[in-house]
Amino acid sequence: MIKSAKCYYLCTTLSPHRMTFPITDPTIIFLIVLCIILLAPVVMGKLRIPHIVGLVLSGVLVGPYGLGILEHSDSFRLFGNVGLYYILFLAGLEMDLEGLRRDVRKVWAFGMLTFVVPWLLTFAAAQWLLHYSLTASLLLSCVMASNTLIAYPLVQRYGMTDHVSVRLSVGSSMLALFFSLVVLAGVVSTQTDSSGIVFWMLFLLKLLAFFFGMIFFLPRITRWFLRRYSDAAMQYTFVLAMLFVSAMLSDLIGLEGILGAFLAGLIMGRYIPSVSALMQRIEFTGNTLFIPFFLIGVGMLINCRLIFAGQGVLWVTLLITLVGTLGKAIAAYVSCLWFRLTPAAGHMMFGLTSAHAAGAIAIVMVGMRLQGADGQPLVSADMLNAVVLMVLFTCVISTMLTQRTVRQLALREKRDSMADDPTEEEGAMLLPMKYQDDSERLLSLALLMHRQGSRRQLVAVNVVYDDIYRTRHQEEGRRLLTHMRAQALAANVTLQTQVRVAENIANGIKHAFKEHNASEIVMGMHNNKGLNGKFWGQFAQSLYNGLSRQIMFVRINQPLNTIRKIQVALPSRAEYERGFYLWLERMLCLADNLDCRIIFHGREEALSLIRTYANNRYPSARIDTCIMQHWNQLPQLAATIHPDHLFVVVTSRKDAVSYKKAQEQLPEELEQHFKGTNIIILFPYQYGTDKEQMSFAEPQHQEEESAYSLLRKWWKRITE
């Protein structure tokens with residue numbers, strides 16, 4: 001008995017964690033949330049229900065209105081706000097700005113419809129069916145006219161963020177939320193005796209100052225920071241800091257922080273390419289932690305018991321859910337018919353714009369602080385509970401419809417893209433690497449020259465001399481390639497690596513090129529003048545003379561995501577080269593991923609083909625063409641090249657179709673007029689076989705064998 005009493009005392013008094021509900025221990029809270037994030041997609045996948053619905057329902061189950069395991073504490077509010085900002089920030093980052101400019105009228109039209117139609121229907125229902133006051137009806141109309149992109153992570157998972165219906169939905173959602181917050185500001189001003197021309201003039205000035213400050217200062221600060229600091233942790237922390245600065249400023253002028261988060265993503269998307277490692281880190285952290293926290297927190301606010309508390313709450317819930325969802329559906333399908341889009345696009349537009357979550361709850365919370373003419377709270381208990389239940393119903397409708405539609409669109413797009421691409425060469429891209437700074441920029445360039453989701457193989461090779469320092473150089477090469485493999489994995493790309501030993505660096509690269517069945521080489525351009533007084537040196541000349549495949553010599557002096565413009569100079573008859581569309585595909589893809597303007601200088605015959613190809617393959621790319629009649633005009637382009645531009649020179653090998661005598665002066669012209677410029681010298685894939693007799697082993701064996709044969713014949717004659 002004494003031992004039992006001692007054990008009981010130890011278990012009850014010395015145990016650091018007593019299991020009481022709601023749980024307050026932060027370790028156990030975080031563990032429960034992680035288990036929900038881990039298991040909800042698995043369970044919902046078995047039931048064929050979107051995992052987003054599973055996270056919201058899990059929040060309902062463990063929240064204070066469910067089993068009471070967890071309470072909606074400050075930690076959920078903090079992570080919930082971060083998750084909501086993250087959703088809108090990612091939507092801004094992945095927004096196609098060129099497509100948005102092209103569809104700006106459609107965005108405004110759909111935005112006005114998706115705001116006005118549900119606003120009018122809800123206002124009429126609140127006035128005539130619910131008999132609310134004018135101010136309460138305006139407030140409820142703002143709730144239903146706005147929407148939250150709660151199903152956007154589903155679109156992101158299927159890689160459909162660049163679809164026209166998604167672009168229209170994101171832009172119109174921001175407009176609808178903006179108009180709702182403006183009306184809300186007017187309602188608040190009438191209740192606080194601050195309405196009038198002075199209030200609206202001050203609000204307009206603050207709004208203009210906010211937009212001007214964001215558009216003018218944020219790009220310059222981002223470009224300055226990313227140029228000077230390449231550390232992954234510092235770049236990610238900087239992005240988060242700018243996100244919350246923008247959200248804070250948006251709150252200060254009287255708008256919701258989510259508008260600032262979206263605008264920050266829209267502006268910074270230019271400097272965070274979708275195929276970069278930084279973008280992968282942002283998406284991974286948000287989709288793994290912050291966004292699930294937000295969805296669970298939304299579920300914890302929902303009290304399903306109110307459905308059975310009385311007919312008043314149920315009636316208000318069903319009415320506002322019906323009229324609000326009907327208004328969003330009318331706006332989506334009318335816009336779909338107006339813009340002549342497919343029915344699937346209409347389903348997507350309706351699915352993305354029909355959900356209400358944190359924005360609706362935030363508007364209601366603002367209304368709870370206001371009082372009506374009779375001194376009673378403007379937001380009644382029935383309205384508050386109905387809005388919370390409406391959030392659950394609309395989230396389920398939105399996620400179910402969006403997931404079903406995005407699967408159809410993804411399958412259709414996959415079928416359309418199954419046709420063979422004539423510009424894609426079978427084979428890997430070879431990246432010879434030696435120095436870490438150059439290697440990181442080579443890898444970044446290789447990633448940016450391929451479309452997102454491309455399965456093209458990348459191979460990094462480090463060639464060392466076979467001398468007395470071979471072992472030390474091999475170990476340095478392995479460390480470098482291990483670091484580069486980690487950089488590639490951070491961008492969700494597999495990089496093959498190889499350290500080779502050779503007596504001649506050029507031959508080592510050629511052998512690696514053959515072994516990996518590569519189709520092109522991208523390598524750094526080093527200064528060889530100290531070796532033999534020539535611009536190229538024997539190393540580079542041996543490569544482009546010994547291989548007929550595409551080779552790029554690269555000199556990049558700054559991070560690629562800070563490049564503002566690409567200028568490409570091509571010789572006459574460049575369109576007749578075999579690799580014309582191959583290098584054109586690479587340059588257009590690079591400009592598209594960097595979201596920068598690209599200008600082609602050349603003859604009209606080639607420029608017309610470039611425009612046709614770009615319109616078919618990259619309709620959103622910003623392309624300009626400029627006539628350059630003769631290759632001697634190349635030095636004149638130096639005046640138009642700025643330090644943050646990338647200059648690409650398409651040249652050719654001797655005896656090629658586009659070769660001309662003036663190209664022999666290219667090294668002197670580059671040294672004289674383009675010194676210090678970010679530059680790529682491109683030798684296109686050209687007809688002809690590789691000149692393998694240069695330093696390859698097999699011809700030597702053949703020469704030795706024929707000499708032995710002659711010696712044997714000579715000895716036979718002497719002995720006879």
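Since we're looking at a predicted model, the values are computed, not measured.
I566 CD1 to L590 CG: the interatomic distance, rounded to the nearest 0.5 Å, is 4.0 Å. Here the straight-line distance linking atom CG of L113 with atom CH2 of W108 works out to 13.0 Å at 0.5 Å rounding. Atom CD of residue Q127 and atom OG of residue S137 lie 4.0 Å apart, to the nearest 0.5 angstrom. Here the CD1-CG distance, from I37 to L295, works out to 9.5 Å after rounding to the nearest 0.5 Å. We find the CG-CE distance between L263 and M214 to be 4.0 Å, quoted to the nearest 0.5 Å. Of the inter-residue distances, the one linking I296 atom CD1 with I36 atom CD1 reads 4.5 Å to the nearest 0.5 angstrom.
A donor-acceptor distance shorter than 3.5 angstrom exists from the side chain of N593 to the backbone of L448, with no hydrogens or angles considered. Between the S146 side chain and the V143 main chain, a donor and an acceptor come within less than 3.5 Å of each other. Formation of a donor-acceptor pair under 3.5 Å by the D595 side chain with backbone atoms of A591 is not found in this model. Counting only distance, with no hydrogens or angles, the side chain of S398 and the backbone of T394 share no donor-acceptor pair below 3.5 Å. Side-chain N or O atoms of S354 include one that pairs as donor or acceptor with a backbone N or O of G351 at under 3.5 Å. Using modelled atom types, no side-chain atom of K328 and backbone atom of P118 make a donor-acceptor pair closer than 3.5 Å. Looking only at distances, no side-chain donor or acceptor of Y132 sits under 3.5 Å from a matching main-chain atom of A125. Of the possible donor and acceptor atoms, one in the side chain of R77 sits under 3.5 Å from a partner among the backbone N and O of H72.
By the ring pair (Phe, Tyr, Trp, His ring centres under 6.0 Å) test, F110 pairs with no residue at all, sequence neighbours left out. Evaluation of the ring pair (Phe, Tyr, Trp, His ring centres under 6.0 Å) rule for F339 yields no partner, not counting sequence neighbours.
Between F211 and F178, the ring planes lie perpendicular to each other; the angle is over 60°, past the 30° to 60° tilted range. Note on ring orientation: taking the six-membered ring where Trp is involved, the planes of W119 and F123 are parallel (angle under 30°, cut-offs 30° and 60°).
The minimum heavy-atom distance between T321 and T317, with the atom names listed, is OG1-O, 2.6 Å. L218 and S246 make their closest contact through CD2-OG, 4.4 Å (heavy atoms, listed as atom of the first residue, atom of the second, distance). Between A40 and L55, the shortest heavy-atom contact is CB-CD2, 3.8 Å. When all heavy atoms are compared, the tightest approach of A176 to T114 is CB-CG2, 3.9 Å. A pairwise comparison of heavy atoms in L443 and A488 identifies CD2-N, 3.8 Å as the closest pair. The minimum heavy-atom distance between L352 and T402, with the atom names listed, is N-OG1, 3.7 Å.
With ring centers used as reference points, F76 lies under 6.0 Å from F293. Ring-centre distance between F79 and F294: not below the 6.0 Å cut-off.
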For this session: Begin with the C-alpha distance, continue with both residues' side-chain angles, and end with the deciding distance and a verdict on side chain to side chain donor-acceptor pair (under 3.5 Å) for T161 and Q156.
Result: CA-CA 6 Å; T161 55; Q156 187 184 37; over 6 Å; no
Exercise. Can you list the steps and then say if F262 with F89 is a ring-ring contact (aromatic ring centres under 6.0 Å, His included)?
Worked result: CA-CA 5 Å; F262 174 76; F89 182 68; 9.9 Å; no
For this session: Begin from the C-alpha positions of T148 and H356 and carry the test side-chain contact (heavy atoms from CB on, under 4.5 Å) through to its verdict.
Result: CA-CA 5 Å; T148 304; H356 305 269; 5.6 Å; no
Problem set entry | Residues E585, R617; criterion side-chain contact (heavy atoms from CB on, under 4.5 Å); working and verdict | CA-CA 9 Å; E585 170 75 16; R617 294 274 294 176; 3.1 Å; yes
For this session: Apply the test side-chain contact (heavy atoms from CB on, under 4.5 Å) to residues T494 and L458: give CA-CA distance (whole Å), side-chain angles for both, the deciding distance (0.1 Å), then the verdict.
Result: CA-CA 7 Å; T494 302; L458 297 179; over 6 Å; no
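By the 4.5 Å heavy-atom criterion applied to side chains, F115 and L177 are not counted as neighbours. In this structure, M449 and M429 have side chains that are in contact, with non-hydrogen atoms separated by less than 4.5 Å. Y86 places a side-chain heavy atom less than 4.5 Å from the side chain of T285. Between T405 and L409 the shortest side-chain heavy-atom distance falls below 4.5 Å.
In this structure, Y65 places its OH atom where only 12 or fewer heavy-atom neighbours from other residues, nucleotides or ligands lie under 6.0 Å away.
Y271 and Q235 share no donor-acceptor pair across their side chains, judged by distance under 3.5 Å alone. Using a 3.5 Å distance cut-off with no hydrogens or angles, the side chains of N147 and S173 do pair a donor with an acceptor.
Evaluation of the side chain to side chain donor-acceptor pair (under 3.5 Å) test over residues 334-344, restricted to residues two or more places apart or in two chains, returns none.
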